[in-house]
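For reference, the structure is listed below as structure tokens.
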Amino acid sequence: MQFELDEEQREIRDTVRRFTEQEITPHAGEWDEQNHFPRELFAQLAELGLLGLSAPEEYGGSPLDRLSCALVYEEIAKGDMATAVGLGVHNMVTGMVMRFGNDEQRQRYLPALVQGKLFGAFSLSESGSGSDAASLQCRAQRQDDSYRIDGTKMWVSNGGEADLYLLMARLGEGRGPAGITCFLIEKGTPGFSFGKLERKMGLHASPTRELLFDNCVIPSGQRIGEEGKGFKLALASLDGGRVNVGAISVGVAQAAFDVASKYAREREQFGQPIGAFQGMQFLLADMAMKIEAARLLTYEAAWKMDKGQDAIIAASMAKCFASDMAMEVTTNAVQILGGAGYTREFPVERYMRDIKVAQIFEGTNQVQRMIIGRSILGPLSS
Ligand SMILES: Cc1cc2nc3c(=O)[nH]c(=O)nc-3n(C[C@H](O)[C@H](O)[C@H](O)COP(=O)(O)OP(=O)(O)OC[C@H]3O[C@@H](n4cnc5c(N)ncnc54)[C@H](O)[C@@H]3O)c2cc1C
């Protein structure tokens, strides 16, 4: 076992950290207040190579190992979780085109995705199918050399801003995974429009939108993978997504901890810094311990993926533990700042509002516990 990042990983982390401190952190509060998705920032992220984390160099990508990717998401989330989520979704789409697309699809889409000329979104959830994602009802019907798509999708991060949508729709009847097929749909395709923009508790700089499909006809070349095999592709990609959510949670928690520990040193009550009180020290000590534990769990899950090991349970553990930890740490950071923490003078209230969703998306934490529990107990018969 070794617990040190190599030189390249440290360099990546430090570069992204500097970029975040200069270009993201100073603006994140304003983007949140104004519900502004910083599309302009993504041109800079493309220059840094961060839109091509899942694409090989032959397509202009700058592929990184999973551990380095976790470092990238952690650092960006310290500045703005919404940006980290937008980037994660984009790279997930790029990764799916790379892993499951054919040569024509790769050549058509990857260079543009890597350069930020196209921005990606991933659409699995519907109003009636969240945790039970395999019960989705959006329809795809084959028509000669094309597919007709009809239905409504929900909760699409980057929705409206993205140019390319990775869509899961059902071919044929039924409710389970069989039949679910994956398609690439471009913004502007006739019959494809946008519905409601969600008004959310947090993550205001990340648009979450409905997608509407009404007699939307796409060429059969827009299908990714085989007919009826889309759900498997989505699940394979969500494992990586869960490690990213673990890393994002660690980043947000670390940012909250940094603000809280500075405040505890500077704020005085009863004639001394509040950090001198054991009640504050114990809170900070618990926060530090839990952040470090979540960081190690997340890095380990990423490392397992890099080694080609089965990382499904490790990814679930990292996602679940780190997001629960970050909810607790951000809440305690608000507590340490007292009334000031409850105002927008400090970023901790935003961290707390933003991080809540990490316990919900990419599979709720109840679903993660279900996955972990089943892996412990195996099949049970009564
Ligand atoms: C801001 C945001 C962004 C999102 N982005 C995307 C995106 O880009 N693409 C996309 O496809 N989706 C996205 N989602 C959707 C997200 O993945 C779903 O919200 C999530 O999977 C939960 O589904 P649900 O909201 O329908 O909750 P439900 O599935 O209805 O769950 C409600 C409650 O029941 C619990 N529950 C459900 N089943 C079980 C069970 N078997 N055992 C125990 N408890 C259970 C859940 O844990 C939860 O607490 C996003 C959601 C949000 C809020």
Side-chain angles (χ1 to χ4, degrees), residues 32 35 37 77 80-96 119-138 151-170 175-177 180 182-185 194-213 230-231 233-242 244-245 248-249 252 315-316 319-320 323-324 326-327 350 352-374 377 380:
D32 172 73
N35 297 316
F37 171 75
D80 182 30
M81 176 169 167
T83 301
V85 168
L87 182 67
V89 171
H90 173 87
N91 279 319
M92 183 171 165
V93 172
T94 306
M96 285 184 79
F119 192 50
F122 172 85
S123 177
L124 173 66
S125 307
E126 297 178 4
S127 64
S129 59
S131 300
D132 183 14
S135 65
L136 66 85
Q137 289 300 312
C138 182
T152 302
K153 305 296 284 187
M154 225 183 143
W155 304 118
V156 182
S157 297
N158 299 346
E161 294 291 339
D163 313 284
L164 191 63
Y165 293 78
L166 218 148
L167 175 82
M168 300 293 156
R170 180 175 301 285
R175 281 184 67 83
I180 295 177
C182 180
F183 300 96
L184 277 173
I185 306 199
F194 300 107
K196 183 172 56 137
L197 177 67
E198 301 297 339
R199 294 175 64 235
K200 307 190 297 289
M201 172 194 290
L203 225 57
H204 291 161
S206 164
T208 313
R209 237 184 252 264
E210 264 182 353
L211 310 184
L212 311 175
F213 297 94
F231 196 62
L233 308 190
L235 290 188
S237 302
L238 286 172
D239 289 338
R242 284 172 187 159
N244 296 346
V245 174
I248 287 171
S249 301
V252 174
S316 280
K319 190 270 180 191
C320 186
S323 57
D324 282 353
M327 192 69 244
R350 171 166 56 85
M352 183 180 156
R353 283 188 286 110
D354 283 353
I355 203 62
K356 178 62 202 169
V357 77
Q359 295 178 304
I360 296 170
F361 62 16
E362 302 270 347
T364 67
N365 282 4
Q366 283 75 24
V367 168
Q368 305 311 320
R369 287 183 166 87
M370 211 165 78
I371 295 169
I372 298 163
R374 283 180 185 162
L377 298 171
L380 296 172

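Every number for a ligand or one of its atoms is a count from 1 in the order of the listing. Nothing fancy with the numbering, it's 1 onward along the sequence. Only this structure's heavy atoms are used, side chains among them; waters, hydrogens and symmetry mates stay out.
Between Phe37 and Phe119, the two ring planes are tilted [angle within 30° to 60°].
Within the 4.5 Å cutoff, no side-chain heavy atoms of Cys138 are placed close to those of Met168. Counting heavy atoms from C-beta on, the side chains of Lys153 and Tyr165 never come closer than 4.5 Å. Between Phe213 and Thr152 there is no side-chain heavy-atom pair separated by less than 4.5 Å.
Each of Phe122, Ser123, Leu124, Ser125, Gly130, Ser131, Trp155, Val156, Ser157, Lys200, Thr208, Val357, Ile360, Phe361, Glu362, Thr364, Gln366, Met370 has a non-hydrogen atom positioned under 4.0 Å from some atom of ligand 1.
Shown are Met81, Met201, Lys200; of these, the side-chain contact (heavy atoms from CB on, under 4.5 Å) with Val357 is made only by Met81.
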Inset, instruction - Could you give me the CA-CA distance, side-chain angles and deciding distance for Lys319 and Asn244, then say whether side-chain hydrogen bond (donor to acceptor under 3.5 Å, both in side chains) is met? - result: CA-CA 8 Å; Lys319 190 270 180 191; Asn244 296 346; over 6 Å; no

